[in-house]
Structures are given as structure tokens and as C-alpha cells.
Amino acid sequence: MKRNPLNRFDIYLLTGISLFFLLFYLLLSYHNRPASHDFQLIAFLKEFGWIGSIKYQYFLWNNRWASCLYFNSLFSLGETFLEYNIYIFLYHFGSIVLFIYAVYSILTGLFERFFSDIPPFAVRLNYAVLFCALFYSITVQAIEVWFWLTVTFYYLQSIIMSCLGFSLILKKKNSLLCNVLIALCFTYVGGSVENYSLTLILFLFFCLLFILIRMQYRIKRFLQYSFTKKLIVALTFLLLSGAFTYTGGGTMRRKHIMEMQIQKSQHDEKQFIEKLPDRNFLYSVFFQRKYLLFLVLIIPVVFLGYAMRDVKLAPDNFFDKYSPASLLLMTALFLFAFSAINMGPIFYLFENSGPLRTWAPVSLFVVIFCCFWGFYLGYKVLLIQRIISPLFYISSFAAIIILGLYIFRQYPVISTYATAYDKRIKHLYSLNKNGHTDICTLEPLPPSGMLVSGDVNNDTEKFRSFYLGKALELNFKIKIEKNIWAQD
């Protein structure tokens, strides 16, 4: 049975937030262009071919074979950088649709499991979009995690695939197709992000252990349980994929090469990107203006809990089984443990906090923690229930205004940037076609706003200048007059 806990105006407000967030996301997606390490992967694809570049990276540069396979598949669709634009937009569009669907399916499964009634389609869909918006707003380095193409194939796609995998696990029905899709989802995660894979491996293992204990160690019953079967499939393919990723030598070889480059040059790209977070750690992590958006977006989650206060809980639910203090302790411990497991390999590898993009899974854990407690407070706490309605309307209008300002301010910036980028690419192709062989000095690109800048270095042999030339298959070298760095 579907019970609508929100009135029509409430749903209109939620729909307004969803539409403004999607418009903002798609606007950035439409103007996004390859940048930095994207040049390198495209150059590898053109030099070694679809399979050859994956083999080259696996053994000599980058173990993350699954994300490289996905990257190569996308960029094999076009021949030139100008042809890539439409495929990049479709990639972003497909990613957000898949993310929303995965979260929507998880919400549906959770409501069916813990409540006697579930909200209607429109409410669940809007809250799925809201979850994506919450995740974007609290992602520590959103400019990279969401729009630096190479990084999106590592972190964002792994998070989306894991959400899709868990949504399939939560479905009551089990089938061969369902298990195949689960296997594909967790194979991708294992072949893309090592630290997140380790976290999920431990999570899946403890889920299985918890179920076994609940069933009083009855192995036959345990193995016949459809939920258990799907968890075993997920864990098995995650382990196999992760092991294959771990045995590759590319990542450690790349780390050694780049450490040598840092010693030679104090202005190396890796040093700038990966050492910056430690210099401005508190500001970079804890003081970002977009966190204001997170604060106003979490209020509708509290409101949903309040709106469902009269819906009966299903028997044997943990809302009533544990006290609020016990729940807080358990969820806080889970948050800390998963975050520590995720960051452990980063601290070991980099001997510091690492690039802030590696914090993306931690941002996901924080969103889940905040959504759980936001809903719980609205559902259970009388004091919150007395003030939540006016707060919901204020925060909803505030969220729409903030997203509207993002759109209004970003559009002229990113459209100017994308136009200049395309103009530069056309110019370089034209020079190459006309037989130009001298060094080409380019004007710097305009600011890229909330996108990663695709500008090159002021030295022809530096990373971005060198690999853009290789990716474009130019017969001459390129550089700019000065360095331009995108800021989040």
C-alpha cells in the first residue's frame, strides 16, 4: 500500500528542488570538457588501442582496469575532441539517471522492509534526487569527483555501481539476471577504487556474519536465503576483481616515477594537486560554501520522517529495538570505522591525507549517516516535530534560491570557457592540417568555474601540454603564456 505523507504543495517544492539541481548538474555536464589526466588516457587510447591501452596502464601506469575499460569505451565512440562533447554529456546524463534509479530502488526496498506503508512514486523519486544533491553538496572535492572525467570513472562511477548493486540485493525477487548485474556492479567497483573496495568487502563480510548469527549458524538455511545468495555473489566478485586490480604493477610504478619527477621540479602538477589539501586542510575539508546547500537540503529529510510519524513500523525493526543512545553509538562507530578503513590505504600510500578526491566514499558515508538521523529525528522526536514544518518551507525555498544562483552565476562562466576550449581545439586541428611544425603558444583559457580547467602548461614538456598534443596527434608542441589552475 502506498500512503502519501506529503501534501501536493510539499511535493511541488521537492520537485522544484529536484529540477533545479538536475538543471544545474546538466548545465555543468553540457559544458564539461576533457582536462589534465583525460588527455593522457585519450593519448594512450590513440597510441595503443582499446585493449592495448588497458594492458599498458595495468602493468605500467594504472591498475584500475575496469574504469579504464569504461573510459576507453566512451572515448572510442568519437574520433576527435569536438566529437567527444556530445558523448561526454550523454555519459553525465546516463550517470545521474543511473544514480537516481539506484537510490530510488534502495529507498523503495528500505520502506518496504521497515514500514507498513510506503510513500508514492513522486515522493520516493524526489528524495532519490535529493540524496544525489546532498552527496554533491558535501563531496569534499566535488569539482573533481563529479566533473573531472578520469576521476568520475574511478570514484563517482564506483559509488553509483555499488548503490545499484545494493539496490539489486535489496529486491525481494532473485533471478539469474539479477545475480549477473550484481556481479557486474561489484566487479566494476573492485576494478576501479582500491580503498572503497576494501571498505565494501568488510561491510559485505560482516553482513553475512550477522545473518549467520541471526540464523543460529544453520548453514543450510543460511545458504538457501535469497538475500544471502546475492550478498555472496557481490562479495565473491568484489574479491576477485579487487585481487586482480591489486596484483597489477601500474599504480606503484607510476607513484615511483612521479616521486622522481617531484624531486626534479618543485612545480610539478602532482605536487600542486596532491600536496595542496594538507596546506589548507581545515579550509579545504570543513569550510566550503556549498556546505550551506547541504544544511538546507537535509531539512526535507527530517520533514519526511515527521510526515511518516503515523505510519506503523514493521515488526522486528531496529528503530524500536534499540534506544536512541545505542543507535547513535552504533551508527557513529560504523561511520568512523568505514571512514578509517577507506582512508587507511590513502595514508599508507601517500603518507598524508592524499588527494581530496579520495575522500568521496567518506562523503557518501556522512550523507547516509545524516539522512538516517535526519529521518529518525523527524519520526521520533516531539520537539523537532513542532518546528519542522516552517523549517521545511524555509529550507526548500532557500535550496531553490541557492541552486538558482549557482545556475545564474555559472552559466556565463562555463559557457565562455567551453566556447574558448572548442575554439582552441579547432585552431590546433587547423594548424596540424596545414602542416604547422613550430611551437604554438596559446592564450590561456578563461576561468572554468565549477569545472576542471582543460588548460595546458607554460612548458611544452609538462604533463598537460605534452599529453594534449599526443591526444590531438599534433605534429608540433604547445604551451600557454602562463599557468591557469581551476579552483573548487
Side-chain angles (χ1 to χ4, degrees), residues 1-6 97-132 159-189 200-201 203-239 301 304-305 307-308 310-322 327 331 334 364 368 371-372 375-376 379:
M1 179 180 178
K2 295 179 175 60
R3 177 184 183 277
N4 194 351
L6 282 73
V97 169
L98 196 60
F99 200 3
I100 292 168
Y101 171 77
V103 176
Y104 168 83
S105 299
I106 290 173
L107 288 177
T108 301
L110 292 176
F111 280 125
E112 289 175 345
R113 168 66 180 83
F114 293 109
F115 291 91
S116 57
D117 295 330
I118 65 173
F121 169 80
V123 175
R124 285 174 286 148
L125 181 62
N126 276 306
Y127 274 95
V129 179
L130 185 67
F131 182 90
C132 297
I159 288 170
I160 292 173
M161 290 297 176
S162 64
C163 289
L164 183 60
F166 282 117
S167 73
L168 294 167
I169 290 171
L170 285 172
K171 288 185 180 295
K172 294 180 179 180
K173 294 182 179 180
N174 195 9
S175 65
L176 176 61
L177 177 60
C178 182
N179 283 283
V180 169
L181 291 175
I182 291 170
L184 289 174
C185 288
F186 286 96
T187 296
Y188 185 89
V189 177
L200 291 184
I201 287 169
F203 176 73
L204 291 169
F205 173 78
F206 282 112
C207 283
L208 288 167
L209 182 62
F210 176 77
I211 294 171
L212 184 61
I213 294 171
R214 285 286 299 269
M215 292 184 173
Q216 299 178 339
Y217 302 99
R218 297 173 183 172
I219 302 297
K220 186 176 180 180
R221 183 186 171 196
F222 172 77
L223 294 175
Q224 290 176 342
Y225 186 30
S226 63
F227 186 68
T228 302
K229 291 178 181 178
K230 290 189 278 189
L231 285 174
I232 291 173
V233 170
L235 179 59
T236 300
F237 280 88
L238 185 59
L239 281 169
V301 179
L304 179 62
M308 294 190 67
D310 296 327
V311 179
K312 293 182 179 179
L313 289 163
D316 193 30
N317 68 84
F318 59 82
F319 280 95
D320 293 331
K321 189 174 182 179
Y322 299 101
L327 277 175
T331 52
F334 277 124
L364 178 68
I368 294 171
C371 285
F372 171 82
F375 184 89
Y376 183 89
Y379 188 81

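Index from 1, following the sequence. Keep in mind that what you see is a predicted model, and the values were worked out from it rather than measured.
- Taking each heavy atom of C132 and I100 in turn, the nearest pair found is SG-CG1, 3.9 Å.
- Smallest separation of non-hydrogen atoms from L235 and I201: CD1-O, 3.7 Å.
- V103 approaches A128 most closely through the heavy-atom pair CG1-CA, 3.8 Å.
- With rounding to the nearest 0.5 angstrom, the CG atom of L304 is 4.5 Å from the OH atom of Y127.
- Listed by chain and number, the residues in a ring pair (Phe, Tyr, Trp, His ring centres under 6.0 Å) with F111 are F115 (sequence neighbours excluded).
- Checked against side chain to side chain contact (heavy atoms under 4.5 Å, CB included), F210 has the following partners two or more places apart in sequence or in another chain: R214.
- For residues 98-111, every residue pair satisfying the side-chain hydrogen bond (donor to acceptor under 3.5 Å, both in side chains) rule, not counting sequence neighbours, is listed here: Y104-R124, T108-R124.
- You'll find the side chain of C185 stays beyond 4.5 Å of the side chain of I182, heavy atoms only.
- Atoms CD1 and CG, on I169 and L204 in that order, are 6.0 Å from each other to the nearest 0.5 Å.
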Could you tabulate the donor-acceptor pairs under 3.5 Å formed by side-chain atoms of residues 171-179, not counting sequence neighbours?
residue, atom, partner, partner atom, Å
N174, OD1, N179, ND2, 2.8
S175, OG, C178, N, 3.2
N179, ND2, S175, O, 2.8

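- Scored by the side-chain hydrogen bond (donor to acceptor under 3.5 Å, both in side chains) test, T236 finds no partners at all (sequence neighbours excluded).
- Atoms CG and CE, from L181 and M161 in turn, are 10.0 Å apart once rounded to the nearest 0.5 Å.
- Closest of all the heavy-atom pairs between V189 and S162 is CG2-N, 4.0 Å.
- For the pair I368 and F131, the tightest heavy-atom approach, listed with the atom from each and the gap, is CG1-CZ, 4.1 Å.
- Pairs of residues two or more places apart, or lying in two chains, that qualify as side-chain hydrogen bond (donor to acceptor under 3.5 Å, both in side chains) and include a residue from residues 218-231 are Q216-R218.
- For I106, the side chain to side chain contact (heavy atoms under 4.5 Å, CB included) partners two or more places apart in sequence, or in a different chain, are L110, C163, F166, S167, L170.
- Looking at residues two or more places apart in sequence or on another chain, you find a side chain to side chain contact (heavy atoms under 4.5 Å, CB included) between L212 and Y217, I219, F222.
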Q: Evaluate the side chain to side chain contact (heavy atoms under 4.5 Å, CB included) criterion for residues L238 and F203: first the C-alpha distance (whole Å), next the side-chain angles of each, then the deciding distance (0.1 Å), finally the verdict.
A: CA-CA 12 Å; L238 185 59; F203 176 73; over 6 Å; no
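- Side-chain contact between L223 and I232: present, with at least one pair of heavy atoms (C-beta onward) separated by less than 4.5 Å.
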